[in-house]
Amino acid sequence: MSQLPKQPAEVSVPTSADVARLAGVSRATVSYVLNNNATVRISDPTRRRVREAALQLGYVPHAAARSLRAGHSRMVLLPSGHIPGGPLHQYFFEELQSGLRRLDYTVVQYGSVGLTADEAATAWAELRPVAVVVPPGITLTPHGTGILTRSGAKAVITLGPDPVPGAHGLVMDQRRVGESAVEHLVARGRRHIGVVMPQEPCRESFSETRLAGARRAAESAGARVCPLPLGYDEESAQRLAARWAELGLDAVFAYNDEYAMLLMRALQDAGVTVPADTAVIGADDSLIGRLLRPRLSTVRMELSMPQPLAETIDRMVQHPGGPPVHHDLLRTSAVHRESS
């Protein structure tokens, strides 16, 4: 007769009382030390003893319990979705997360793919975050903002070209990228300009906004803009290059440096000379673009804020209830190299 395998004994979870006993202090002292409470004076030897006891026992404070005692969490929710990657955005989110961590916030990323805008806001609200930072490419509505603030979020911040009523807005207006690219090409004497539109759905919000900026710059200069759908593969680039002569274009803004390099190679293979026949400019100022021949012109993007973003969010959390604050973060400049 077979026997059921022995089940492992239930693991005892260490508590703050265990830490207090081992360190020879009160539970309140443990709480003050492990929550970095600077309002109570505790000697350095006592702080070390508490931390050593917690480490020895493997004790980790219970975030939900701490939030219940404080009346709010220290969680900043960062929804994730099909957000186009790039050096600037990678740097931005790394700086945001490290800065918030230094201020004793916990940053939680939440997958929002497949949810409508208001479904996503409801799902975020269930976690009771103290702040929500909504990246570009993820929709937040005024109704969703209301759901979040009523659930206890002290700051709701959107990142994108257009602010949302009721939410703070950190605007990274992608129209500036298209404007800078076309202004550069126009200044170089180009008047018939293609604008690459990536066929990847996750890039649609960025590409449409950059196209709008390109059109705005072209109209003011009397130039023509032609949208160019392009897949991120060699075959798609080759098909586009094969009909280049019939398009009658003398320049192209290729969305970013990756698409610029992809299309420039296909144009050269098709016998189109860069920049004599067609000037090419990308965006992101990637290192590899400088290694091409001809070297790739590009739009450089930088963030400009009066203070680090994490400190701005902390101030919003500490002083809720004021009118929405809007900062225009994105600064762009065209970098002229050999391809234009």
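Quick caveat: nothing in here was measured; it's all calculated off a predicted structure.
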Colleague: Give a yes or no on whether the backbone of Glu338 and the side-chain of Arg295 come within a donor-acceptor separation of less than 3.5 Å.
Modeller: no
Colleague: Out of curiosity, does Ile147 fall in the hydrophobic cluster containing Leu140 (side-chain heavy atoms, cut-off under 4.5 Å, transitive links)?
Modeller: no
Colleague: What I'd like to find out is whether the side chain of Pro227 reaches to under 4.5 Å of the side chain of Leu211, using heavy atoms alone.
Modeller: yes
Colleague: Name the residue from Leu34, Val13, Asp18, Val50 that meets the side-chain contact (heavy atoms from CB on, under 4.5 Å) definition with Tyr59.
Modeller: Leu34
Colleague: With Arg300, which of Asp257, Asp285, Asp284 fulfils salt bridge (Lys or Arg N to Asp or Glu O under 4.0 Å)?
Modeller: Asp285
Colleague: I need the minimum non-hydrogen distance between Ser297 and Arg337, along with the two atoms involved.
Modeller: OG-N, 2.8 Å
Colleague: Where the side chain of Ser31 meets the backbone of Arg27, is there a donor-acceptor pair that is under 3.5 Å apart?
Modeller: no
Colleague: Go through it in stages, so that I can follow the logic: the residues are Arg203 and Asn256, the test is side chain to side chain contact (heavy atoms under 4.5 Å, CB included), and I'd like the CA-CA distance, side-chain angles, deciding distance and then a yes or no.
Modeller: CA-CA 11 Å; Arg203 297 185 184 270; Asn256 67 9; 3.7 Å; yes
Colleague: Run the numbers on Leu228 and Leu247 for side chain to side chain contact (heavy atoms under 4.5 Å, CB included), then give the verdict.
Modeller: CA-CA 10 Å; Leu228 302 172; Leu247 292 172; 4.0 Å; yes
Colleague: Are Arg239 and Ser236 packed together at the side-chain level, in the sense that at least one heavy-atom pair is separated by less than 4.5 angstrom?
Modeller: yes
Colleague: Is it true that Leu263 and Leu291 fall in one hydrophobic cluster, defined by side-chain heavy atoms closer than 4.5 Å?
Modeller: no
Colleague: Tell me which one of Val182, Val335, Leu185 satisfies side-chain contact (heavy atoms from CB on, under 4.5 Å) with Ile281.
Modeller: Leu185
Colleague: What heavy-atom pair brings Ala237 and Ala266 nearest, and what distance separates the two atoms?
Modeller: O-CB, 3.5 Å
Colleague: Show, in sequence, the C-alpha distance, side-chain angles and deciding distance for His184 and Ser340, and conclude whether the side-chain hydrogen bond (donor to acceptor under 3.5 Å, both in side chains) test is met.
Modeller: CA-CA 9 Å; His184 171 76; Ser340 63; 2.7 Å; yes
Colleague: CD1 of Ile313 to CD1 of Ile157: how many Å apart, nearest 0.5 Å?
Modeller: 4.5 Å
Colleague: Are Leu296 and Trp244 co-members of a hydrophobic cluster defined by side-chain heavy atoms under 4.5 Å apart?
Modeller: yes
Colleague: Check whether any side-chain heavy atom of Met301 lies under 4.5 Å from a side-chain heavy atom of Met172, and answer yes or no.
Modeller: no
Colleague: Is the shortest side-chain heavy-atom distance between Asp269 and Glu234 below 4.5 Å?
Modeller: no
Colleague: Closest approach of Phe253 and Ala283, non-hydrogen atoms and distance?
Modeller: CE1-CB, 4.3 Å
Colleague: Could you work out, with salt bridge (charged side-chain N to carboxylate O under 4.0 Å, His left out) as the rule, every residue matching Arg216, not counting sequence neighbours?
Modeller: Glu179
Colleague: From Arg102 CZ over to Glu311 CD, what is the distance, rounded to the nearest 0.5 angstrom?
Modeller: 8.5 Å
Colleague: Let me confirm one number: the CG-CG distance from Leu309 to Leu329, rounded to the nearest 0.5 Å.
Modeller: 7.5 Å
Colleague: To the nearest 0.5 Å, how far apart are SG in Cys226 and CZ in Arg215?
Modeller: 9.0 Å
Colleague: Quick check against the 3.5 Å criterion: does Thr278 have a side-chain atom that pairs as donor or acceptor with the backbone of Asp250?
Modeller: no
Colleague: Could you give the distance from CD (Gln238) to CZ (Arg265), rounded to the nearest 0.5 Å?
Modeller: 11.0 Å
Colleague: Stepwise, does the side chain to side chain contact (heavy atoms under 4.5 Å, CB included) test hold for Leu96 with Val107?
Modeller: CA-CA 9 Å; Leu96 171 62; Val107 180; over 6 Å; no
Colleague: For the hydrophobic clusters of this structure (ILVMFWY residues joined by side-chain heavy atoms under 4.5 Å, transitively), does one cluster hold both Ile288 and Tyr255?
Modeller: yes
Colleague: Looking at Leu78 and Pro135, what are the two nearest heavy atoms and their distance?
Modeller: CD1-CG, 4.0 Å
Colleague: Do the side chain of Ser339 and the main chain of Val280 share a donor and acceptor less than 3.5 angstrom apart?
Modeller: yes
Colleague: Of all heavy-atom pairs between Ala334 and Ser180, which one has the smallest distance, and what is that distance?
Modeller: CB-O, 3.9 Å
Colleague: Counting C-beta onward and ignoring hydrogens, is there a side-chain heavy-atom pair between Leu22 and Glu52 closer than 4.5 Å?
Modeller: no
Colleague: Determine, stepwise, if the pair Phe206 / Val177 fulfils side chain to side chain contact (heavy atoms under 4.5 Å, CB included).
Modeller: CA-CA 10 Å; Phe206 276 34; Val177 182; over 6 Å; no
Colleague: List the residues meeting salt bridge (charged side-chain N to carboxylate O under 4.0 Å, His left out) with Asp277, not counting sequence neighbours, and say none if there are none.
Modeller: none
Colleague: For residues Pro165 and Thr145, determine if any side-chain heavy atom of one lies less than 4.5 Å from a side-chain heavy atom of the other.
Modeller: no
Colleague: Would you confirm whether Arg74, through its side chain, and Leu103, through its main-chain N or O, come within 3.5 Å as a donor-acceptor pair?
Modeller: yes
Colleague: For a quick test of reading the model, state the closest non-hydrogen atom pair linking Lys154 to Val317 and the distance between them.
Modeller: CD-O, 3.5 Å
Colleague: Do Glu95 and Leu303 come close enough that some side-chain heavy atom pair is under 4.5 Å?
Modeller: no
Colleague: In terms of hydrophobic clustering (I, L, V, M, F, W, Y; side-chain heavy atoms under 4.5 Å; direct or indirect links), are Val252 and Met261 co-clustered?
Modeller: yes
Colleague: Taking the side chain as everything from C-beta on, heavy atoms only, tell me whether Arg210 gets closer than 4.5 Å to Val195.
Modeller: no
Colleague: To the nearest 0.5 angstrom, please state how far the OG atom of Ser333 sits from the CD atom of Glu183.
Modeller: 11.5 Å
Colleague: Going by an N to O cut-off under 4.0 Å, is there a salt bridge joining Glu302 and Arg331?
Modeller: no
